[in-house]
Amino acid sequence: MSKVKIGVFDFLNAKPLIYAIEKNRIQHNFELVYDIPSQIAVKLLNKEINAGLVPSIHYAKYSVKYRIVPEICIASRGAVNSIRLYFRKDLKDIKTVATDISSMTSVILARIILSEKYDVRPKFVAMKPDLIDMLSQADAALLIGDHALFEKSGYESYIDLGDEWNDLTGLPFVYALWVGRRESLSEDDIMALINSKEYGTQNIDVISHEASVKYGVDFEFCKSYLTQNLYYDLGEAEISGMKEFFTYAFYYGVIEFIPEIKFYEFEKKTTKK
Ligand SMILES: C=C(O[C@@H]1C=C(C(=O)O)C=C[C@H]1O)C(=O)O
């Protein structure tokens, strides 16, 4: 059987969802295709991959084509620690923001937060994620994922956009989802993605240990990021947060209508112990 190509990104925050597939700890029929989140979205749109872990705003833009895999997301319920808007002047005075080329969703989140909470509507320019370079060319800089989490310059003037969103709405924020076309994933594929999440979230210690060696950071730092900042269950509260985000995105002219949240239909098979 030919492999199902799924797009993923190599940030620590995605590891709990993909570790079991990378290491073949579960049954699956996937070939992993690695790229930055914004490019995974492009690859999915161009049908270069069958499904992918994509920025949530990509689903909102093209929802009529797509379905969401149930039960899984990358979300925060407050501070996320890896979606940071750095600034070098009072946020109320910024005119330009350099944004990480990896990001799609957080660029829109930044726009909403800056307008709603700080009453500014700056210009956004996508750049490579180098903080010092970005701040030499713009008043503020958005970094996401590992680029923010392991940022080395020690620059401390930033706001955490997960925190800001929670402050604005009281809701979780959903950054990424497994998305594909209706016919692109079988029930077994969907089950494999759910099993992979279960394996990953039950093996956070192993993932944190490997990450601490790979990135040269503390085990506890990785573990607390993966358990205190990030949440992988797509529940009612996360869906409400996502709907609220899509509603703002609509009012800001990013999407043409507020999309329905449509899931793949599948019958969950319970494995006998
Ligand atoms: C929580 C995160 O969510 C990410 C944010 C994304 C975006 O802004 O488009 C895309 C993928 C996610 O990994 C993060 O990378 O820090």
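Reckoned from all heavy atoms, side chains included, excluding hydrogens, waters and symmetry mates. Just so you know, ligand 1 is whichever comes first in the structure, and atom 1 is the first atom listed for that ligand. Since we're looking at a predicted model, the values are computed, not measured.
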- Message: Just to be sure I read this right, does ligand 1 sit under 4.0 Å from the backbone of Thr105, its side chain, both, or neither, counting only heavy atoms?
- Response: both
- Any N or O on Ala176 sitting closer than 3.5 Å to an N or O of ligand 1? no
- Looking at Pro55, which atoms of ligand 1 are within less than 4.0 Å of one of its heavy atoms? 9 (O)
- Message: Given Phe173, which partner from the list Phe245, Phe246, Tyr248 fulfils the ring pair (Phe, Tyr, Trp, His ring centres under 6.0 Å) test?
- Response: Phe245
- Among all protein non-hydrogen atoms, which one is nearest to atom 10 (C) of ligand 1, and what is the separation to 0.1 Å? Pro37 CB, 3.6 Å
- Query: Where is the nearest protein heavy atom to atom 16 (O) of ligand 1: which residue, which atom, and how far?
  - Reply: Ser82 OG, 2.5 Å
- Task: Go through ligand 1 atom by atom and flag the ones less than 4.0 Å from a non-hydrogen atom of Gly145.
- Result: 14 (C), 15 (O), 16 (O)
- Item | Lys/Arg N to Asp/Glu carboxylate O, Arg67 vs Glu183, below 4.0 Å | no
- Query: Okay, side chain of Glu156, backbone of Tyr158: is any donor-acceptor separation there less than 3.5 Å?
  - Reply: no
- Message: Regarding Arg84 and Asp160, does a basic nitrogen lie under 4.0 Å from an acidic carboxylate oxygen?
- Response: no
- List the closest protein heavy-atom neighbour of atom 6 (C) of ligand 1: residue, atom name, distance to the nearest 0.1 Å. Ile144 CD1, 3.7 Å
- For atom 4 (C) of ligand 1, what's the nearest protein heavy atom and its distance? Tyr175 CB, 3.8 Å
- From the options Phe11, Phe9, Tyr225, select the one whose nearest heavy atom is closest to atom 12 (C) of ligand 1. Phe9
- Query: Which residue owns the protein heavy atom closest to atom 14 (C) of ligand 1, what's the atom, and how far is it?
  - Reply: Asn13 ND2, 3.0 Å
- Is the backbone N or O of Ile144 less than 3.5 Å from a side-chain atom of Ser103, with the two atoms forming a donor-acceptor pair by type? no
- Message: Taking atom CZ as the centre, does Arg182 end up with more than 12 heavy-atom neighbours from other residues, nucleotides or ligands that are less than 6.0 angstrom away?
- Response: no
- Can you list the atoms of ligand 1 that are under 4.0 Å from a heavy atom of Met104? 7 (C), 8 (O), 9 (O)
- Task: Could you tell me which atoms of ligand 1, counted from 1 in the order shown, lie closer than 4.0 angstrom to a heavy atom of Ile83?
- Result: 1 (C), 2 (C), 3 (O), 5 (C), 14 (C), 16 (O)
- Going by the 4.0 angstrom heavy-atom rule, the piece of Ser106 near ligand 1 is both
- Is there a donor-acceptor contact under 3.5 Å from the side chain of Asp139 to the main chain of Lys95? yes
- Query: With a 4.0 Å cut-off, would you call Arg121 and Asp119 a salt bridge?
  - Reply: yes
- Main-chain N/O of Ser186 paired to Asp189 side chain as donor or acceptor, under 3.5 Å: yes
